[in-house]
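If you read the sequence from its start, that first residue is 1, and numbering goes on from there. Both ligands and their constituent atoms are indexed starting at 1 by order of listing. Note that this is a predicted model, so its numbers are computed, not measured.
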Amino acid sequence: MQRFKALVASQGQPRLQLAWQELGEADLMDGDVVVRVSHSTVNYKDGLALTGKAPVIRRWPMIPGIDFAGTVASSSHPNFTAGDRVILNGWGAGETHFGGYAQMARVKGNWLVKMPAQFTPAQCMAIGTAGYTAMLCVLALERHGVKPASGPVLVTGAAGGVGSVAIALLARLGYQLSAATGRTAEADYLKGLGASEIVDRAELAKPGRPLAKERWAGAVDAVGSQTLANVLSMTQYGGAVAACGLAGGMDLPTSVAPFILRGVTLVGIDSVMAPMPLRIEAWDRLARDLDLGKLAAMSLTRPAGDVVALAPQILAGQVRGRIVLEME
Ligand code: NDP
């Protein structure tokens with residue numbers, strides 16, 4: 001039987017233990033598709049899982065990694081055959097089902113998206129769950145009527161993964177963009193992705209008024225907490241804010257004023273349990289609307305063995321853009 005390497009997280013005292021182990025296919029969890037995983041990535045949630053800073057892992061032992069890209073090795077699912085190139089995002093991978101930090105995975109075929117022909121597996125993981133979530137945010141803004149002509153759009157957590165992909169996508173679609181970042185030294189990077197204005201994130205982190213000057217037609221918010229409250233209070237009449245993240249905190253100290261006096265819409269974005277038609281739409285749109293030159297500019301490639309060291313770095317906001325992990 002074929003052996004493969006996997007990062008196994010187990011419950012230790014006082015904290016979780018992480019060790020690369022050699023496993024066999026029989027060690028994998030139930031599913032109808034076996035995938036040879038060539039690439040994975042490091043998302044913020046992976047950082048939380050690997051450091052134990054939040055209870056992301058809910059079954060022990062666990063192979064962490066909330067996403068992966070690879071090739072089907074065998075399948076009893078009617079939609080997949082050996083050789084198909086596939087992507088998995090979420091569905092509990094790395095939480096309740098063995099995830100992406102392994103060279104093999106066995107999952108439900110109903111969780112898999114066929115890789116768009118335009119992408120390599122490495123590019124799919126340069127996008128990763130962060131980039132697919134950025135696309136879900138863009139789709140949400142579009143559905144709520146935020147158009148390039150509506151006015152400027154703000155992206156918070158701009159130099160991170162969701163933020164970088166959101167800026168690249170929205171710029172390609174013709175939006176005028178403000179990028180809120182704590183890393184003003186990354187202004188040239190963010191302008192290169194398509195931002196025209198850099199906002200110091202400290203401006204959005206202080207308690208503000210229930211309604212402030214209307215600045216943006218819409219926003220993609222990866223930060224939450226006081227930042228999201230201020231973004232809502234600065235969203236123009238009839239605008240929409242896609243909230244996907246909590247990098248600044250899980251709370252939301254806001255009032256109903258933006259909703260009842262300006263008709264602002266707060267749209268919640270979840271990538272983990274998003275229904276399959278929405279996932280397929282998001283990946284199709286990524287294939288159409290993401291500039292691959294910008295994707296390359298925002299991504300670094302690292303060997304899988306670096307993932308444990310990268311986890312605290314992403315939580316500390318020290319990772320710029322996206323990281324691709326080579327699993328082979
Ligand atoms: P990254 O770490 O790559 O990006 C987060 C960015 O947020 C940082 O780069 C930094 O940007 C900013 N940031 C970090 N800490 C703070 C803080 N204390 N206050 C204000 N800003 C801060 O993470 P991802 O892009 O992978 O994920 C972003 C968020 O989106 C996370 O909370 C993640 O859990 C969430 N997420 C949610 C998903 C969903 O399904 N809803 C799916 C994917 C991600 P800068 O340096 O530019 O200020």
Side-chain angles (χ1 to χ4, degrees), residues 40-51 53-56 65-67 89-95 125-140 154-169 177-191 193 195 198-206 219-231 241-252 266-275 278-279 282 298-300 310-324:
S40 188
T41 178
V42 191
N43 300 281
Y44 191 89
K45 193 173 188 176
D46 294 313
L48 292 173
L50 293 173
T51 57
K53 288 247 160 73
V56 172
I66 64 165
D67 48 12
N89 298 106
W91 294 118
E95 302 183 53
M125 284 298 107
I127 296 166
T129 296
Y132 143 67
T133 301
M135 189 76 236
L136 293 178
C137 292
V138 172
L139 291 171
L154 173 71
V155 175
T156 66
V162 172
S164 295
V165 179
I167 291 170
L169 285 169
L177 291 165
S178 303
T181 183
R183 290 181 265 181
T184 42
E186 296 295 356
D188 286 347
Y189 163 76
L190 293 166
K191 286 185 174 163
L193 293 180
I198 306 299
V199 176
D200 185 337
R201 81 181 192 202
E203 256 187 66
L204 300 172
K206 316 185 263 269
V220 171
D221 179 57
V223 173
S225 191
Q226 189 63 56
T227 298
L228 177 54
N230 285 329
V231 170
V241 177
C244 71
L246 45 57
M250 188 120 147
D251 60 330
L252 181 52
L266 176 58
V267 194
I269 304 298
D270 169 57
S271 65
V272 178
M273 302 307 286
L278 181 58
R279 289 164 185 266
M298 71 175 79
S299 321
L300 282 179
L310 287 164
Q313 293 176 26
I314 194 164
L315 296 188
Q318 292 163 354
V319 170
R320 184 178 90 173
R322 301 277 308 130
I323 292 174
V324 179

Please confirm whether [X] comes within less than 3.5 Å of ligand 1 when only nitrogen or oxygen atoms on both sides are compared.
X: Val272; value: no
X: Ala247; value: yes
X: Lys45; value: no
X: Ala130; value: no
X: Tyr44; value: yes
X: Thr129; value: no
X: Gly321; value: no
X: Gly182; value: yes
X: Gly163; value: no

I'd like to know whether ligand 1 has Asp270 as a neighbour, heavy-atom separation below 4.0 Å.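 So Asp270 counts as touching ligand 1.
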
Could you pull out, from [options], the option with a heavy atom nearest to [atom]?
atom: atom 21 (N) of ligand 1; options: Arg201, Gln318, Gln313, Arg320; answer: Arg201
atom: atom 11 (O) of ligand 1; options: Ala134, Gly90, Gly157; answer: Gly157
atom: atom 29 (C) of ligand 1; options: Ala205, Ala202, Ala222; answer: Ala222

Which residues share a salt bridge (charged side-chain N to carboxylate O under 4.0 Å, His left out) with Arg183, sequence neighbours left out: none

Are any of the side-chain heavy atoms of Leu315 and Tyr44 separated by less than 4.5 Å?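 They are in contact (side-chain heavy atoms under 4.5 Å apart), so the answer is yes.
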
Looking at side-chain heavy atoms only, is the closest gap between Val223 and Leu228 below 4.5 Å? no

Check each atom of ligand 1 against the heavy atoms of [X] and keep those under 4.0 Å away; list them by number with element.
X: Ala158; answer: 47 (O)
X: Gly161; answer: 1 (P), 3 (O), 4 (O), 25 (O)
X: Gly245; answer: 29 (C), 30 (O), 32 (O), 35 (C)
X: Ala159; answer: 47 (O)
X: Val223; answer: 20 (C), 21 (N)

Contact region, Ile269 to ligand 1, non-hydrogen atoms below 4.0 Å, reads backbone

Ligand 1-proximal atoms of Thr133, by part, heavy-atom distance under 4.0 Å: side chain

When you measure from atom 44 (C) of ligand 1 to every protein heavy atom, which one gives the shortest distance, and what is it? Val162 CG2, 3.9 Å

Which residue and atom name correspond to the protein heavy atom nearest atom 47 (O) of ligand 1, and how close is it?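 For atom 47 (O) of ligand 1, the nearest protein heavy atom is Thr181 OG1, 2.6 Å.
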
Thr41-Arg322 side chain donor-acceptor pair, cut-off 3.5 Å: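 Yes, because at least one side-chain N or O of Thr41 sits under 3.5 Å from a partner of the opposite role on Arg322.
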
Between Ser225 and Asp251, does any side-chain donor sit less than 3.5 Å from a side-chain acceptor? yes

Is atom CG of Asp270 surrounded by more than 12 heavy atoms (other residues, nucleotides or ligands) closer than 6.0 Å? yes

Quick one: which of Arg320, Arg201, Lys191 gives a salt bridge (Lys or Arg N to Asp or Glu O under 4.0 Å) with Glu186? Arg320

For Ser178 and Val199 the tightest heavy-atom approach is CB-CG2, 4.2 Å

Can any side-chain N or O of Asp221 pair as donor or acceptor with the backbone N or O of Gly224 at less than 3.5 Å? yes

Cationic tip of Arg279 above Tyr132 ring, under 6.0 Å, 45° of axis: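 Negative - Arg279 is either too far from the ring of Tyr132 or too far off its axis.
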
Separation of Leu177 CG from Leu190 CG (nearest 0.5 Å): 10.5 Å

Sequence neighbours excluded, which residues qualify as side chain to side chain donor-acceptor pair (under 3.5 Å) partners of Thr181? none

